[in-house]
Amino acid sequence: MAQQVRDGFVELYGTAPEGVWSAPGRVNLIGEHTDYNDGFVMPFALPHTAVAAVSRREDGVLRLHSADVEGGVVELRVDDLTPGSDRNWTAYPAGVVWALREAGHPVTGADVHLASTVPSGAGLSSSAALEVVIALALNDLFSLGLPGWQLARLCQRAENVYVGAPTGIMDQTASACCETGHALFLDTRDLSQKQIPFDLAAEGMRLLVVDTQVKHSHSEGEYGKRRAGCEKGAALLGVDALRDVAYGDLDAALARLGDEEEVVRLVRHVVTEDERVEKVVALLEAGDTRAIGPVLVAGHASLRDDFRISCPELDLVVDTALASGALGARMTGGGFGGSAIVLAETADVETITKAVEEAFAAAGFTAPRVFEAVPSAGARRLN
């Protein structure tokens, strides 16, 4: 795709780009809605990427074009970039430019042409891939010298403040920092990272992503409500974030919340989910990969019943996959649609895929998109 994007840039702007970069989408193996609670997450990068051909400008002009969106080149002035002013796809790359400049980095404009293979609205972080590829390109072109975790922080600020979506730090960090054949164990409080080997094919297993084709949008309010509820729970318990509630102290903490039923559910999910992340890390490090299956299932139940962000399509994927022999399954991503993941023996993949497709057809749902998730490289320069 790099050559295609490079050629598209030449066609648009009449000159070759200074370089081509890519940044991947991600699947979260375990650790959902823990990142904005200072907790633990465990994503890995997908082979699906956003690719950008970019050149510097010194005249304060930012020109943006996407091969995936109808319409011509969008021209903006970097001095005029203002949070909340853009409701289109261009808010993501423009927000990154704004965040870099707000942080004091001398970005004086750019010409950009983009294309992405990350499914949009599927809970696979298409927006983070878009942000990170722009941040990495500008980091290189303007010799900013920022490490991956810092680019991720700036991209999160772009999404939180410029776009207005209250997302945590996981997606951008996964896109910027993941490594081939590994899952990323990330402490979202101090951004410490550990690459955990995760080569399922070598052990006779596969991880499937089932995109339900139910689109979601984090900025439409439900995600924000959950985040506000978690913050309320932390305040009522007198802690900085729910990460500070120890798993062993959970029952006592919930008792202190009294009749705050919704807050109780949110707190219970976050605290138990942090415990599940640590359990998966321990199992993978011990070489007991198949044993993570039930942990994934428990995570789905918590997201469905306590956090209440599943939907009939996601539940159908999980229930059907487990009934068809899957080792584990759960929804992944922000919820309200998007994708589920299924851990399966290689020999069972075809049977499970067929069963899920047939279950969707019988329920009258749109046919799902099923593909294998292979732990892939993080953001990088292609040429």
Side-chain angles (χ1 to χ4, degrees), residues 25-37 41 43 46 48 118-128 165-168 170-171 207-230 261-262 264-266 268-270 272-273 276 293-324 326 328-344 352-371 373:
R26 66 95 189 97
V27 159
N28 193 24
L29 181 63
I30 193 76
E32 221 64 79
H33 289 268
T34 48
D35 61 345
Y36 53 80
N37 290 292
V41 294
L46 287 168
H48 305 71
V118 185
S120 176
L124 303 175
S125 297
S126 57
S127 59
T167 53
M170 173 180 65
D171 297 351
L207 191 79
L208 303 177
V209 174
V210 183
D211 176 3
T212 65
Q213 307 282 355
V214 177
K215 302 299 183 191
H216 67 184
S217 174
H218 284 165
S219 51
E220 281 175 7
E222 289 298 324
Y223 185 105
K225 285 181 195 169
R226 302 303 188 283
R227 183 166 184 164
C230 289
E261 185 198 341
E262 184 180 0
V264 164
R265 286 190 287 99
L266 297 178
R268 183 167 54 220
H269 166 72
V270 172
T272 58
E273 187 79 346
R276 283 186 285 272
V295 188
L296 303 183
V297 177
H300 182 77
S302 183
L303 289 162
R304 179 192 65 212
D305 301 336
D306 275 344
F307 230 67
R308 298 188 182 180
I309 57 171
S310 190
C311 65
E313 291 86 350
L314 288 167
D315 293 340
L316 185 60
V317 174
V318 172
D319 294 344
T320 304
L322 293 174
S324 306
R330 73 171 191 91
M331 62 156 285
T332 187
F336 314 105
S339 298
I341 55 173
V342 177
L343 180 68
I352 292 167
T353 301
K354 187 166 183 272
V356 170
E357 290 171 345
E358 288 175 351
F360 267 56
F365 295 152
T366 301
R369 177 177 178 232
V370 185
F371 59 90

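When a residue number appears, it is its place in the shown sequence, counting from 1.
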Task: Under the salt bridge (Lys or Arg N to Asp or Glu O under 4.0 Å) test, residues paired with E32 that sit two or more places apart - done: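 Here the qualifying residues are R330.
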
Practice problem: Apply salt bridge (Lys or Arg N to Asp or Glu O under 4.0 Å) to R265 and list each qualifying residue two or more places apart in sequence or on a separate chain. | Solution: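 By the salt bridge (Lys or Arg N to Asp or Glu O under 4.0 Å) rule, R265 matches no residue at all.
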
Smallest separation among heavy atoms of [X] and [Y], with atom names:
X    : Y    : answer
S126 : P119 : CB-O, 3.8 Å
G337 : L314 : O-CD1, 3.4 Å
A373 : V27  : CB-CG2, 4.5 Å
A344 : I352 : CB-CD1, 3.5 Å
A340 : V317 : CB-CG1, 3.7 Å
C230 : N37  : CB-OD1, 3.1 Å

Flag the pair [X] / [Y] as yes when at least one side-chain heavy-atom distance between them is below 4.5 Å, and no otherwise.
X    : Y    : answer
Y223 : I309 : no
V270 : F307 : yes
L207 : V342 : no
Y36  : R226 : yes

* Asked: Taking only residues two or more places apart in sequence, or in another chain, which ones meet S125 in a side-chain hydrogen bond (donor to acceptor under 3.5 Å, both in side chains)?
  ->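 S125 satisfies side-chain hydrogen bond (donor to acceptor under 3.5 Å, both in side chains) with R26, D171 once adjacent residues are dropped.
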
Report, one line per pair, each donor and acceptor closer than 3.5 Å where one atom sits in a side chain of residues 294-306; sequence neighbours left out.
| unit_1 | atom_1 | unit_2 | atom_2 | d |
| --- | --- | --- | --- | --- |
| H300 | ND1 | M331 | N | 3.0 |
| H300 | NE2 | D315 | OD1 | 2.9 |
| S302 | OG | H269 | ND1 | 2.7 |
| S302 | OG | R276 | NH2 | 3.2 |
| D306 | OD1 | R268 | NE | 3.4 |
| D306 | OD1 | R268 | NH2 | 2.8 |
| D306 | OD2 | R268 | NE | 2.8 |

- [ ] Could you tell me whether a side-chain N or O of T212 sits under 3.5 Å from a main-chain N or O of S339, the two making a donor and an acceptor?
- [x]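 Flag not set: sc T212 to bb S339 has no pair under 3.5 Å.
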
Exercise. Is a side-chain N or O of N28 found less than 3.5 angstrom from the main chain of G31, in a donor-acceptor match?
Worked result: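 Yes; judged by distance alone, with no hydrogens or angles, the pair exists.
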
N/O donor-acceptor pairs under 3.5 Å from side chains in residues 353-370, not counting sequence neighbours:
| unit_1 | atom_1 | unit_2 | atom_2 | d |
| --- | --- | --- | --- | --- |
| T353 | OG1 | V349 | O | 2.8 |
| K354 | NZ | E358 | OE2 | 3.1 |

